[in-house]
Amino acid sequence: MRGSPLVVAAGAAVAAVVLPLAALLAALPGPLATAAAVAGVVVAAAVVLGVGRDGHRAAARALRAGVVTADVGVSLATLPALAWPAAVLLAAVPVRDPPALLAGAPAGRVVPAPGAAALLQDVTSAPEPALLPGMAALLTVAAIAVQDPGRGDAIGVPWWSRRLPRSREPDGLRVAADRWCGLLVPAAVLLALAVTGFRAGAGQPWTAAVPAGLAVLLAACPVALLAAVPAGVRAADRAAGADVRLPLPVPAGTGWLDPVGWTDPAGGPRPADRVDTVALAGPDVLTGSGPGRVTVHAASGEDPAPVLRLAGSVAAAAAPGSALAPVARALAAAVPGGLPDVAEPDEQPGLGASGLVAELVTDTGRPQEGAGEAAARAGTTVVAHAVLVGSPCWLLEHGIRLPPGLAADRERAEAGGRAVVAVAWDGAARAVLALSRAPHPAVRSDVDALRAAGTEPVLLTPDGDAAARALGAAAGLDPDDPDAVRPGLGPACRAAAVAGLQVRGRTVAVAADPGTDEAALARADLAIELVPAPGPDGRPARIVVRGGPGTVAAAVGLARRGRVHARTGIVAATAVTVLGTAAAVAGAPAPLVALGPLLGAFAVRARRLRIRT
């Protein structure tokens with residue numbers, strides 16, 4: 001429950017406490033105090049049975065399955081605390097006296113039910129039983145409120161941060177609480193029965209023995225446990241700002257890997273703790289997806305404009321993540337107007353692409369725009385070219401050799417660290433394209449941040465050897481280290497490179513665009529999506545990053561700190577539960593011990609998470 005309905009429920013829960021408390025403090029006459037107590041029970045019943053109905057249903061399903069969950073703990077605390085005062089008030093309702101009516105007494109005379117006066121006195125004069133319904137209502141509202149991680153359709157949350165459907169969030173968020181409740185709740189039930197039986201056996205009336213047992217159940221209400229993991233998620237979101245989103249806990253029993261360790265904060269090291277290598281995968285991981293600057297070295301007698309147009313058309317048909325993707329963006333930005341369509345496109349990953357490009361050319365030799373209408377005009381001709389765009393070695397396999405001038409241009413461009421693509425059509429080499437791509441301005445410091453996080457960055461890129469090593473050197477990687485820079489890798493080869501690192505004993509985090517490197521992300525120990533792309537329903541939860549390597553380093557640190565935050569919250573919540581239960585067994589009144597779970601939950605929720613750099 002979120003938004004205004006939860007606010008209304010919280011107000012009603014407070015009213016369920018204030019009504020009988022006000023009557024007690026003001027020392028109102030008996031009938032008014034009774035009316036306040038009845039009103040408090042009615043309002044509390046509306047909250048506990050109405051707002052908390054989904055939780056009670058889930059508790060019933062769990063008990064039928066023989067499982068003790070956090071829902072069971074909340075139900076066992078709130079329902080008896082509501083039922084006992086309600087039963088007392090019902091027993092104290094005046095009833096008509098049948099013997100008096102048979103003896104001819106005036107019709108309508110009423111007398112209290114046997115023992116009603118004492119029961120009513122317990123409810124309307126003692127604060128302990130009078131406040132039980134209100135405390136049950138407050139615990140019900142708190143148990144719902146603290147489980148909200150602040151994700152989903154909340155205003156101000158970017159769409160790319162909504163990694164899991166809202167209907168599946170609570171199951172994952174309460175996994176840790178369910179695990180602890182399986183131990184704490186049965187013990188609390190046994191203690192409550194023992195305390196009630198001991199007091200009754202010691203001669204105390206049931207009106208005192210039963211509230212003592214209820215105090216144990218209220219103290220063991222797992223509200224603080226339910227708050228621990230969602231509080232960690234919210235704190236991580238605050239610490240990360242708008243550029244990093246850690247995944248929400250996944251539902252129990254799905255078999256998905258929990259990279260942060262939300263669902264098992266007390267277990268062994270998780271992937272985020274063990275990561276020692278960060279693979280920066282894809283053509284744009286260091287440069288971004290903006291167009292680079294392309295330089296056309298045309299062969300003698302060739303016009304650069306057709307080179308850009310025909311090469312751009314074929315490169316645009318290349319698959320995402322290929323070495324031609326940056327070339328396609330640069331050419332599209334350099335060509336005024338639209339690119340012609342390509343027929344029969346065919347890409348050889350890591351080598352090049354080919355296709356048939358047809359244009360309407362006027363008698364002056366210029367391409368005619370508006371192909372559909374121009375076909376009927378006189379003076380135009382349809383010209384088709386078989387275009388190849390790729391590495392010079394690939395063109396040589398097709399029997400096309402670069403002329404001496406283009407070969408010299410190629411060598412100079414590669415020596416300058418630029419990516420080189422050759423363009424040919426109709427069996428002849430026409431130009432060499434030199435693509436310059438600069439890394440992010442702060443990429444060197446970002447790479448240093450990855451090393452400071454205890455990880456070693458590795459670049460997996462489809463760029464050629466010279467261009468890849470120049471880009472790696474600009475980013476602060478060692479261009480001579482074969483492990484630091486892996487050039488000439490297509491999407492499948494990048495996934496294989498990740499597997500190779502794992503075989504060598506490394507724990508690898510892959511930072512990549514899921515649109516181009518889904519295979520590498522699926523192979524990673526820790527997957528970090530660099531591009532905000534919504535995935536299909538059912539994809540495992542992943543860290544989502546908007547930015548460069550520096551944000552990746554922050555995400556790894558945030559995942560490690562998030563788990564510590566959740567673990568600390570669970571330890572604190574367990575301590576609050578145990579101490580409150582001990583106080584209830586020692587005789588502390590029920591309203592007082594019921595404040596323990598409430599205050600513990602909000603204390604856990606109020607904690608902040610900071611990334612230590």
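Keep in mind that this is a model prediction, so the values were computed, not measured.
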Partner set under side-chain hydrogen bond (donor to acceptor under 3.5 Å, both in side chains) for E347, not counting sequence neighbours =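 Listed in chain order: S322.
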
Under the side-chain hydrogen bond (donor to acceptor under 3.5 Å, both in side chains) rule, collect the residues that match up with D426, sequence neighbours excluded.
->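 In terms of side-chain hydrogen bond (donor to acceptor under 3.5 Å, both in side chains), with neighbours along the sequence ignored, D426 is linked to H385.
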
Could you report the tightest heavy-atom contact between [X] and [Y], atom names first, then the distance?
| X | Y | value |
| --- | --- | --- |
| D303 | P306 | O-CD, 2.9 Å |
| A279 | V508 | CB-CG1, 4.0 Å |
| Q147 | R605 | N-NH1, 4.1 Å |
| R560 | A453 | NH1-O, 2.8 Å |
| I543 | V545 | CG2-CG2, 4.0 Å |
| P230 | V146 | CB-O, 3.3 Å |

Look up atom [atom1] in [X] and atom [atom2] in [Y], then write down how far apart they are to the nearest 0.5 Å.
| X | Y | atom1 | atom2 | result |
| --- | --- | --- | --- | --- |
| W425 | L310 | CH2 | CG | 5.0 Å |
| L501 | E456 | CG | CD | 11.0 Å |
| D237 | L246 | CG | CG | 7.0 Å |
| W180 | T574 | CH2 | OG1 | 4.5 Å |

Flag the pair [X] / [Y] as yes when at least one side-chain heavy-atom distance between them is below 4.5 Å, and no otherwise.
| X | Y | answer |
| --- | --- | --- |
| L173 | D148 | no |
| S313 | D341 | no |
| L489 | P462 | no |
| L331 | V294 | yes |
| T295 | L433 | no |
| P457 | L477 | yes |
| T455 | D276 | no |
| D517 | V510 | no |

Criterion side-chain contact (heavy atoms from CB on, under 4.5 Å) on V387 and L356, from CA distance to verdict | CA-CA 6 Å; V387 182; L356 294 176; over 6 Å; no

With sequence neighbours left out, what residues match [X] under side-chain contact (heavy atoms from CB on, under 4.5 Å)?
| X | answer |
| --- | --- |
| A429 | I400, L402, P403, L406 |
| A442 | S445, D446 |
| A419 | L435, A467 |
| V285 | L280, L459, L530 |

Can I get a per-line list of side-chain donor-acceptor pairs under 3.5 Å for residues 549-558, giving both atom names and the distance, sequence neighbours left out?
none

Check [Y] with [X], please: is the shortest side-chain N to carboxylate O separation under 4.0 Å?
| X | Y | result |
| --- | --- | --- |
| R410 | E414 | yes |
| R444 | D448 | no |
| R274 | D525 | no |

Greater than 12 external heavy atoms within 6.0 Å of R238's CZ =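 Yes, CZ of R238 has more than 12 neighbouring heavy atoms, counting only those of other groups under 6.0 Å.
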
Verify the neighbour count for atom CZ of R451: are there more than 12 heavy atoms of other residues, nucleotides or ligands below 6.0 Å?
->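 Yes, enclosed.
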
Non-neighbouring partners of [X] that pass salt bridge (charged side-chain N to carboxylate O under 4.0 Å, His left out), sequence neighbours left out:
| X | answer |
| --- | --- |
| R523 | none |
| R430 | E302 |
| R412 | D409 |

The complete set of salt bridge (Lys or Arg N to Asp or Glu O under 4.0 Å) pairs with one or both residues in residues 500-511, sequence neighbours excluded, reads D483-R504, D483-R506

Step by step, would you call V357 with V314 a side-chain contact (heavy atoms from CB on, under 4.5 Å)?
-> CA-CA 8 Å; V357 182; V314 172; 3.9 Å; yes

Between R486 (side chain) and L460 (backbone), is there a donor-acceptor pair under 3.5 Å?
->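 No, the answer is negative, given that no donor and acceptor are paired below the 3.5 Å cut-off.
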
Tell me which donor-acceptor pairs under 3.5 Å the side chains of residues 389-397 have, and how far apart each pair is, sequence neighbours excluded?
residue, atom, partner, partner atom, Å
S391, OG, W394, N, 3.2

